[in-house]
Protein chains: 2
Amino acid sequence: MKLFDKKNIDFGMILTQHGLSKTSFRKILIELFYTKKYSLSVDEIITNLSFPIDKVSVYRALNAFEKNGLIHKVPDMANLIRYALCQSECSFEKHLHNHAHLLCSNCNETYCINDFKIPVVNECKGFIIDNLKIILEGSCVDCQQSYK
Amino acid sequence: MKLFDKKNIDFGMILTQHGLSKTSFRKILIELFYTKKYSLSVDEIITNLSFPIDKVSVYRALNAFEKNGLIHKVPDMANLIRYALCQSECSFEKHLHNHAHLLCSNCNETYCINDFKIPVVNECKGFIIDNLKIILEGSCVDCQQSYK
DNA sequence: CAATAAACGCAAATCAATTGCATTTATTGA
DNA sequence: TCAATAAATGCAATTGATTTGCGTTTATTG
Ligand SMILES: [Mn+2]
Ligand SMILES: [Mn+2]
Ligand SMILES: [Zn+2]
Ligand SMILES: [Zn+2]
């Protein structure tokens, strides 16, 4: 569970720091990412909002957030896209993701893991490697419970 | 380059061994996977054929091949699906892929690598892991050449 | 506060992939 | 080998996620 005190976080400031304009929807969207523990799909975002929002606006906001280094994409089991908060200092210029992801093959929930030891590879068969995508598929704790 | 003598490979037999019926198109399709070095997209498959084929038939054949352990999916940079020959002894019952993939971020070519040391993980934060997907993104040799 | 730029909502378009159905081809067993 | 049965194919239509165009609304700037 991600513990934080909303009073201590200025979501408008976070948007500004990432070069994003502060609209009421965007402030609520970034707050939603801080409130929810893990990744979100477009449909989950809409479900979690207390007001109607056009799906297109969600897509455009997510694309802007991603371009400016606030969130990053994670694929689910069906190769559909989910989004998760960037954990390190990402920005428009530098978008680094040196962490792996847990993906529950049952509920599609995604968990960013920072303490997974990522193998260091720079070269393989002449191929120059500049990014590793590591997805660990399995069962999340909740889904293990419900199988008992 | 994958070297093999077509005379020595009975593609019909390969289909039979995987529980797939032998149609003229399927024999050519499996031969194409053996001929081409790496992964193929649906469009690349159609381009490489000397006769017209309905895209739907390609999709259906690929789905059948995948279900029966002859090929497996690999995502490209845009999360579109490419297909590559299974390297180990896959079948309908057991579909194991303990290898990583190189993915060229320029040309989307995919290379299966069997000698990449995959970290062993069984558990992480209560999550039960039963499959690792490792994609090494970078530049293939051909694309490095064309940038010079 | 006015001028400018960006975001939003709605409708339509795009694009990969799937589905239904009639027809053709493959498999099977007498 | 041949008819009966099952599976694959072609074509048209559909699905579903995502994107685009455009007029309107909201935010930013000075
Ligand atoms: Mn992450
Ligand atoms: Mn492979
Ligand atoms: Zn789960
Ligand atoms: Zn390349």
Side-chain angles (χ1 to χ4, degrees), chain A residues 10-32 39-47 49-68 70-83 92 108 110, chain B residues 10-33 39-47 49-68 70-84 92 108 110:
Chain A
D10 184 341
F11 296 108
M13 179 62 69
I14 294 177
L15 291 171
T16 302
Q17 286 169 342
H18 286 267
L20 294 159
S21 54
K22 299 180 279 189
T23 69
S24 53
F25 167 55
R26 288 183 170 194
K27 276 184 273 195
I28 290 167
L29 181 59
I30 179 66
E31 179 175 338
L32 183 60
S39 70
L40 292 166
S41 68
V42 169
D43 286 341
E44 287 173 358
I45 288 169
I46 291 174
T47 303
L49 295 176
S50 58
F51 52 91
I53 182 84
D54 195 294
K55 203 177 268 202
V56 175
S57 301
V58 179
Y59 276 110
R60 280 196 264 235
L62 290 171
N63 285 340
F65 281 19
E66 196 219 355
K67 185 159 78 153
N68 290 27
L70 199 48
I71 60 177
H72 63 86
K73 294 178 180 175
V74 247
D76 75 358
M77 291 298 288
N79 269 318
L80 299 188
I81 297 174
R82 302 176 66 84
Y83 292 87
F92 178 75
N108 263 324
T110 309
Chain B
D10 184 341
F11 295 109
M13 179 63 68
I14 293 177
L15 291 171
T16 302
Q17 286 170 341
H18 286 267
L20 294 158
S21 54
K22 299 180 278 189
T23 70
S24 53
F25 166 55
R26 289 183 170 195
K27 276 184 273 195
I28 291 168
L29 181 58
I30 180 66
E31 179 174 340
L32 183 60
F33 274 104
S39 70
L40 292 166
S41 67
V42 168
D43 286 342
E44 286 172 0
I45 288 168
I46 291 174
T47 304
L49 295 176
S50 57
F51 52 92
I53 183 85
D54 194 293
K55 201 177 271 202
V56 175
S57 303
V58 179
Y59 277 110
R60 280 197 263 235
L62 291 171
N63 285 341
F65 281 20
E66 196 219 355
K67 184 158 77 152
N68 290 26
L70 199 47
I71 60 177
H72 63 86
K73 294 178 179 176
V74 245
D76 75 358
M77 292 298 287
N79 270 316
L80 299 187
I81 298 175
R82 303 175 65 84
Y83 292 88
F92 178 74
N108 263 323
T110 309

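Residue numbers start from 1 in every chain, and the chains themselves are labelled A, B, ... in the order their sequence lines are given, proteins ahead of strands.
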Go through [options] for me and flag the one nearest to the [X] side chain.
| X | options | answer |
| --- | --- | --- |
| R26(B) | dA8(D), dA17(D), dA7(C) | dA8(D) |
| V56(A) | dA17(D), dG10(D), dA11(C) | dA11(C) |
| F25(A) | dG10(D), dT19(D), dC8(C) | dC8(C) |

Which atoms of nucleotides 21-30 of chain C (N or O only) lie under 3.5 Å from a protein N or O atom, and what are those distances?
unit_1, atom_1, unit_2, atom_2, d
dT27(C), OP1, K22(B), N, 2.8

Length of the line joining [X]:[atom1] and [N]:[atom2], which is rounded to integer Å:
| X | N | atom1 | atom2 | result |
| --- | --- | --- | --- | --- |
| I81(B) | dG16(D) | CD1 | C1' | 14 Å |
| K55(A) | dT14(C) | NZ | C1' | 16 Å |
| N63(B) | dA7(D) | CG | C1' | 15 Å |
| D43(A) | dT15(D) | CG | C1' | 14 Å |
| E66(A) | dT18(D) | CD | P | 12 Å |
| K27(A) | dT26(D) | NZ | P | 14 Å |
| L15(A) | dA6(C) | CG | P | 16 Å |
| I46(A) | dA17(D) | CD1 | C1' | 12 Å |

side-chain contact (heavy atoms from CB on, under 4.5 Å) partners of [X], counting only residues at least two apart:
| X | answer |
| --- | --- |
| S41(A) | D43(A), E44(A), R82(A) |
| I28(B) | L49(B), F51(B) |
| L80(B) | D76(B), A78(B) |

Where the side chain of N79(B) meets the backbone of N79(A), is there a donor-acceptor pair that is under 3.5 Å apart?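 No, the answer is negative, given that no donor and acceptor are paired below the 3.5 Å cut-off.
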
Exam field: side chain D54(A) to backbone V56(A), donor-acceptor pair closer than 3.5 Å: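 Such a contact is found between D54(A) side chain and V56(A) backbone.
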
On DNA chain C, compare the nucleotides closest to A64(A) and Y83(B); which residue's is nearer the 5' end?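 Result: A64(A).
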
Does a side-chain heavy-atom distance below 4.5 Å link [X] with [Y]?
| X | Y | value |
| --- | --- | --- |
| F11(A) | L29(A) | no |
| I53(A) | I45(A) | no |
| Y83(A) | H72(A) | no |

To the nearest 10 degrees, what angle separates the axes at the start and end of the helix from dC1(C)-dG30(D) to dA30(C)-dT1(D), five pairs each?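 End-to-end axis angle: 50°.
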
Listing request: all salt bridge (Lys or Arg N to Asp or Glu O under 4.0 Å) pairs with a residue in residues 16-30 of chain A, at least two apart in sequence or in separate chains.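 Listed by first then second residue: nothing to list.
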
Look at the side-chain N and O atoms of Y59(A) and state whether any lies under 4.0 Å from the OP1 or OP2 oxygen of dT19(D).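 Checking dT19(D) against Y59(A), no side-chain N or O comes under 4.0 Å of OP1 or OP2.
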
